[in-house]
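Working notes, beginning with the structure itself.
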Amino acid sequence: MSPYNQSKFPNPSPNSVKMLRMVSKKLLGIPSPSPPLQTLPRLYHQNVIDHYNNPRNVGSFDKNDPNVGTGLVGAPACGDVMKLQIKIDEDSGKIVDACFKTFGCGSAIASSSVATEWVKGKSMDEVLTIKNTEIAKHLSLPPVKLHCSMLAEDAIKAAVKDAEAKRGKMNGNSKAADA
């Protein structure tokens with residue numbers, strides 16, 4: 001029996017042997033019979049890249065603040081989780097600030113960033129008209145990434161719902177205290 005067979009290392013796999021031969025030939029300058037496989041880069045629209053590299057309004061507000069609405073949504077299929085928060089002016093009822101934290105792909109981060117920009121300065125009724133198709137169109141998202149813009153729309157709706165619930169409690173509690 002050969003001493004090599006008694007080694008504590010298992011026999012190399014066929015792929016390992018192929019890789020070793022390819023690297024050896026490359027190091028020795030021997031041309032390879034077939035060109036190596038090339039992987040094409042996945043191309044994103046410039047707007048996605050911009051919002052991914054320079055996300056706007058990343059952060060969070062105090063969720064217990066009565067003027068802050070929080071929307072937390074997720075997509076179980078891909079694992080994206082998005083938290084979008086809006087801060088409402090007590091007097092005007094308009095959204096004066098917005099922020100997000102997103103765990104997900106570049107398209108999910110970009111969708112969150114765009115959503116926070118678009119909600120600022122609008123009333124809660126106005127932001128409910130923002131549709132995922134508008135976000136997707138702005139970012140030029142491919143069909144496989146449309147769920148990211150849907151998450152952003154859902155997060156806006158959830159944040160508004162939370163803000164309205166808090167305002168209802170404040171108004172309800174103040175009425176109950178007056179009675």
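Source: prediction; values computed, not measured.
A distance-only check finds no donor-acceptor pair linking the side chain of Asn132 to the backbone of Glu153 [under 3.5 Å]. A side-chain donor-acceptor contact under 3.5 Å links Glu126 to the backbone of Ser123. When atom types are taken as modelled, the side chain of Lys166 and the backbone of Asp65 share a donor-acceptor pair closer than 3.5 angstrom. Looking at Lys120, its side chain never comes within 3.5 Å of a backbone N or O of Ala98 through a donor-acceptor pair.
Two residues are said to be in side-chain contact when any heavy atoms from C-beta on lie closer than 4.5 Å; Cys148 and Cys105 meet this criterion. With a 4.5 Å cut-off on side-chain heavy atoms, Met124 and Ile88 count as touching. In this structure, Glu164 and Val160 have side chains that are in contact, with non-hydrogen atoms separated by less than 4.5 Å. For the pair Phe100 and Val58, the minimum side-chain heavy-atom distance is below 4.5 Å. Contact check for Asn47 versus His138: side-chain heavy atoms found under the 4.5 Å cut-off.
Summarising the geometry of Ile109 relative to Pro55, their closest heavy-atom pair is CG2-CB, 4.3 Å, with the distance given to 0.1 Å. Ser112 and Leu84 make their closest contact through O-CD1, 4.4 Å (heavy atoms, listed as atom of the first residue, atom of the second, distance). For the residue pair Lys101 and Gly59, the shortest heavy atom distance occurs at CG-O, 3.5 Å. Summarising the geometry of His45 relative to Ser140, their closest heavy-atom pair is CD2-OG, 3.3 Å, with the distance given to 0.1 Å. For the residue pair Gly121 and Lys94, the shortest heavy atom distance occurs at O-CD, 3.6 Å. Residues Met82 and Thr102 approach most closely at CG-OG1, 3.5 Å, considering heavy atoms.
A chain of hydrophobic side-chain contacts below 4.5 Å, direct or via other Ile, Leu, Val, Met, Phe, Trp or Tyr residues, connects Ile135 to Val48. Val73 is not connected to Val119 by any chain of hydrophobic side-chain contacts under 4.5 Å among Ile, Leu, Val, Met, Phe, Trp and Tyr, and they are in different clusters. Both Leu128 and Trp118 are assigned to one and the same hydrophobic cluster, defined by single-linkage of ILVMFWY side chains at heavy-atom distances under 4.5 Å. No continuous path of ILVMFWY side-chain contacts below 4.5 Å connects Ile156 to Val68, so the two sit in separate hydrophobic clusters.
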Applying side chain to side chain contact (heavy atoms under 4.5 Å, CB included) to Lys83 and Phe103, what does each step give before you reach the verdict? CA-CA 9 Å; Lys83 179 176 88 170; Phe103 177 80; over 6 Å; no
Between Arg56 and Asp50, does the salt bridge (charged side-chain N to carboxylate O under 4.0 Å, His left out) criterion hold? Intermediate values first, please. CA-CA 10 Å; Arg56 282 66 149 184; Asp50 179 39; 2.7 Å; yes
For Ser107 and Leu139: C-alpha separation, side-chain torsions, deciding distance, then whether side chain to side chain contact (heavy atoms under 4.5 Å, CB included) applies. CA-CA 8 Å; Ser107 297; Leu139 294 171; over 6 Å; no
Asp97 vs Phe61, test: side chain to side chain contact (heavy atoms under 4.5 Å, CB included). Steps then yes/no. CA-CA 10 Å; Asp97 205 358; Phe61 301 131; 3.6 Å; yes
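The 12-atom threshold is exceeded at NZ of Lys122, counting heavy atoms of other residues, nucleotides or ligands nearer than 6.0 Å. The local environment of NZ in Lys131 is crowded, with over 12 non-hydrogen atoms from other residues, nucleotides or ligands closer than 6.0 Å.
In this model, no donor atom of one side chain and acceptor atom of the other lie less than 3.5 Å apart for Glu117 and Asn57.
For the atom pair CG (Leu141) and CE (Met150), the distance works out to 10.0 Å, reported to the nearest 0.5 Å. In this structure, NZ in Lys63 is found 9.5 Å from CG in Leu72, a value given to the nearest 0.5 Å.
Evaluated for a side chain to side chain donor-acceptor pair (under 3.5 Å) with Asn67, the options Lys87, Glu90, Arg167 yield exactly one hit, Glu90.
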